[in-house]
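Accompanying notes for the structure given below.
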Amino acid sequence: MLGKWKKIACPHDCPGGCIMEARYDVPSGSLEFRNIEKKYGINGFCSKGLRWFERRRHPLRISTPLLRGESSFYPISWQKAWDLWARALEEGLRRSGPLGNALYQSAGSLYFSKNFLSSLHGALGGYTTSKGNLCSSAGNQGLRNCFGQVPVQPLDVLEREGKSLLFWGRNVRENHLPLLPLARKLRNRGGKMGVVEIRNTPTVSWCDDQWFLAPGGDCFLAAWLCKRLLEERRASASWSERVENPEEFASFLESLEEEQLLVRGGISRKEAMSLYQWLLDSAPVTHYLGYGMQRYLHGELQAWWIGALAVLSGAFQVPGAGVVFGKNEMARFPASLLSEPSSMRSFPEGCFWQSLEKANPSVHTLAIFCGNPVKQAPRGKEIARIIQNLSFSVCSDFTLTETARCCSLVLPSLFFFEEGPDWRGSYSHSFLCRTETLLPPPEKSLGDLEILEGLATTLGLSLSPRELLHRMDSMLLEDEKLEERENSLYFWEEPNFWSQSSSSAKLPVTLPRLHFTGEGRGLFEFRLITYHVQQYINGQNWDLPEEPYPPVYLSSEDARKIGLVSGDMVRLRSSGNSEGFVAMAEIDPKMRSGYCAMPQGIPLVNTLTVPMVSPGYGVPFSENFVRLTKE
Ligand SMILES: Nc1nc2c(c(=O)[nH]1)N[C@H]1C(S)=C(S)[C@@H](COP(=O)(O)OP(=O)(O)OC[C@H]3O[C@@H](n4cnc5c(=O)[nH]c(N)nc54)[C@H](O)[C@@H]3O)O[C@H]1N2
Ligand SMILES: Nc1nc2c(c(=O)[nH]1)N[C@H]1C(S)=C(S)[C@@H](COP(=O)(O)OP(=O)(O)OC[C@H]3O[C@@H](n4cnc5c(=O)[nH]c(N)nc54)[C@H](O)[C@@H]3O)O[C@H]1N2
Ligand SMILES: [Mo]
C-alpha cells in the first residue's frame, strides 16, 4: 500500500523555497512526486532539488561516524564519537573556558531545526563563532542603513500591484527560476523586465532591456539617476516626506559631477539616459537586488544607493515600486526557545579563520554544520590548514567534503526527508511548510539534532535538542499568524514594509572613493568575479560530472590584447595561489576591460579569493585580482 502524500520542502539556500508532495511505497521502495496547486505560486523541485533523492544511495554518501587515522578515516561507533567529542569539549572548557570551543554553521539547510545547532555549545556557557555570512551581509547592511531594516515586499503584493522589474545583477533565470512565472504575468500586463549587468547571462537574454556597467559601478549609476530625477523634477512629488535627511541628500547630489559618476559607473551617457527613460516609462518598477553586486568592499553602498533610487521613484507612494533583496525566512521561528549564553565571541565571517587561529583565549575545538568553508570561503587552502591545526574538529555532513576531510571526526547526517517534524520558510514567498519523515534513514546515520542529543547525554547535560524541536513544532502549529491553506502548507500575511506608515528612509551621502573602470593593474591582471550557476547550488556539485576545465570569461578587448581566442587554455594565479590552475578562456562581448568571470563552486576557485571584511560583516568575493596568462 502506498504511504500518504506528504509535503516536502527543498532545504537549499535558494529563494525558490520550493515545496511539493511525495509519497513512498515501503515494499517496492518506489517514490512518487506531485506539484502542489498552481494557485500558491510555488514551484515543485527543480533538477537540483530532485537530486537530493538520487543522493540517498550515492556511493560517496557516508553512513557511519568516521575518525581520522594515520592515513585515512575509519568507522567508529556513535558512542565512541560522542565520548571523543565530549572529552574534547571538556578539555576546551578547561583550557580556555567556553570560548575555547568554536562553532561554524553555514547555508547547507534552511530548515528551522538548524537554529538549534548552537544549543549544545550554548548549554556549555558559550562559544566562539562567526558573524555575518558568505552571502548577503553587505547588501542587508546597506538596506538597514537606508530603511532601518531589510524591507519586505511580499510576492502577493508584487503580483497584485507590481508592473516592471529591474534586476540589479540578479540572475533570476539561473538562480531564482520560480520568479519567472510571476515575471511573465507582469509582462503580460505590460510590465517590462530590465537588467543591469557586468556580463552576459541567461537573464540578460531573457529580459526586454539590458544595461552593462563596470563591476561595483551600480552605486554611481544609481546616484546619477537620482541626481537626474531631482534636477529634472521627475522624482515622486512627495519622496522627501518619508526621508530623514532630504536636504542633506539633495545637496550631496548637487555636489556630484555627472560625468564623474558615469565614468566611475562604467556606463556611457547614452546608455544611462536610456535606463533613466526606461524607469520613467516602465513605472512602477520593483528593484530586485542581486547578491553578486554586493560582493565588493563597498557592497553596502551598492544596496543603499539603489534604495535611494527606489525612494525617489516613489517606493513609499506607489505600490509595487519597492526594493527586494532577500528576507528572513526564519521570521516565524520561535526565538524564545533559544537563550543567549553568557560568554560569546564572534569574528567577522570574512576573516573568521584567520581570527580563530590567533584567538586569545585560544580555540581548541571546532564543530562545523551545514557548511563547506574549505571550498566556499576565501582562501580555502588556508582554512584547511587552520582546521587541521586545531586539537579537535568535527564536521557533520553527507560526504567527505573538502572541509570534512580536514577534521578529526566526521559524522553522517540525514537528508531533510529522512527526519522531521521540521519547518521551512522562504526568503522569497510567504509560505511555510511543515515536513515529516518521508523515507527511512540509513541505519547508522543520525540527524544533526539527534547527534547533539547523544552528545548532551554523554556530557550529562539536561539539554534536549530533540525536546526543543518538538516544542518548536507545537508552537508553530499554534502560531496564530499562520493560516493553514492545505495540509502542512501555511501562509503568513507578511507585513509589507512599503505600505506601513511608520516606514522611512535615510538616504546615502557618501560614495566609494575607489575607481572601478579599466582597473586591471597591468596587462595580465584582472579583477575576478565569480557567479552562481543553474546546475548546482553553492559548493554542492559532488554528484555531477566534473568539467575538465572551468570556463573563464573575458572581454573581446582584453582577449585581443593578450592574444586569446575562445577555447584557449589559460592559467589563473593569485597572491594566495602562485601555482594557480588551468581554465578555458571564453569571450564575452558584453564584458568591459579589466575583469574576468568564472563560476563559483568549482574546486579551486576560492584559492584565488582573498579574506576581507566589508561593512555589515559581508565577504567581498569580487575584490581580488588574478593573473591570467596563456598556458
Ligand atoms: N541554481 C542556483 N541557484 C541558486 C544558487 C546556486 O548556486 N545555484 N545559490 C543561491 C544563493 S546562496 C544565492 S546567494 C543566490 C545568488 O543569486 P544571484 O544574485 O542571482 O547570483 P550571483 O551569481 O551571485 O550574482 C548575480 C550576478 O551579479 C553579477 N554581478 C557581479 N558584480 C556585479 C555588479 O557590480 N553589478 C551588477 N549589476 N551585477 C554584478 C554577476 O555577473 C552575476 O551574473 O542564488 C541562490 N540560488
Ligand atoms: N568565490 C565564491 N565563493 C562563494 C560564493 C561566490 O559567489 N563566489 N558564494 C557564496 C555564497 S552566496 C554562499 S551562500 C556560500 C555557501 O557556502 P556553504 O554554506 O559552505 O555552501 P555549500 O557548499 O552549500 O555547503 C553546505 C554544506 O552543508 C551540507 N548540508 C546540507 N544540508 C545539511 C544538513 O541538514 N546537515 C548538515 N550537517 N549538513 C548539511 C551540504 O552537504 C554541504 O556540504 O558560498 C559562498 N562562496
Ligand atoms: Mo548565498
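Just so you know, ligand 1 is whichever comes first in the structure, and atom 1 is the first atom listed for that ligand.
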Could you identify the single nearest non-hydrogen protein atom to [atom] and state the distance to 0.1 Å?
{"atom": "atom 21 (O) of ligand 1", "answer": "Asn175 ND2, 3.0 Å"}
{"atom": "atom 42 (O) of ligand 1", "answer": "Arg199 NE, 2.7 Å"}
{"atom": "atom 43 (C) of ligand 1", "answer": "Glu197 OE2, 3.4 Å"}
{"atom": "atom 15 (C) of ligand 1", "answer": "Tyr291 CD1, 4.0 Å"}
{"atom": "atom 37 (C) of ligand 1", "answer": "Asp218 OD2, 3.4 Å"}
{"atom": "atom 19 (O) of ligand 2", "answer": "Ser106 OG, 2.6 Å"}
{"atom": "atom 30 (N) of ligand 1", "answer": "Ile198 CG1, 3.8 Å"}
{"atom": "atom 39 (N) of ligand 1", "answer": "Gly169 CA, 3.5 Å"}
{"atom": "atom 33 (C) of ligand 1", "answer": "Tyr296 OH, 3.5 Å"}

Shortest reach to [atom] by a heavy atom, considering only [options]:
{"atom": "atom 28 (O) of ligand 2", "options": "Ala367, Cys370, Gly380, Ala404", "value": "Cys370"}
{"atom": "atom 25 (O) of ligand 2", "options": "Leu134, Asp448, Asn372", "value": "Asn372"}
{"atom": "atom 17 (O) of ligand 2", "options": "Arg61, Met598, Gln376, Glu349", "value": "Gln376"}
{"atom": "atom 8 (N) of ligand 2", "options": "Thr609, Ile368, Thr530", "value": "Thr530"}

Tell me whether Gly539 has any N or O atom under 3.5 angstrom from an N or O of ligand 2.
yes

Short N/O distance, under 3.5 Å, between Gln540 and ligand 2?
yes

Check the angle between the aromatic planes of Phe417 and Phe53 and answer parallel, tilted or perpendicular using the 30° and 60° thresholds.
parallel

Say you draw a straight line from CG of Leu411 to CZ of Phe369; how long is it, rounded to the nearest 0.5 Å?
7.5 Å

Which ligand 2 atoms does Asp13 reach within 4.0 Å, using its non-hydrogen atoms?
14 (S)

Atoms of ligand 2 under 4.0 Å from any heavy atom of Cys135, numbered from 1 in the order shown, are 12 (S), 14 (S)

Among His287, Gln294, Gln302, which one satisfies side chain to side chain donor-acceptor pair (under 3.5 Å) with Trp168?
His287

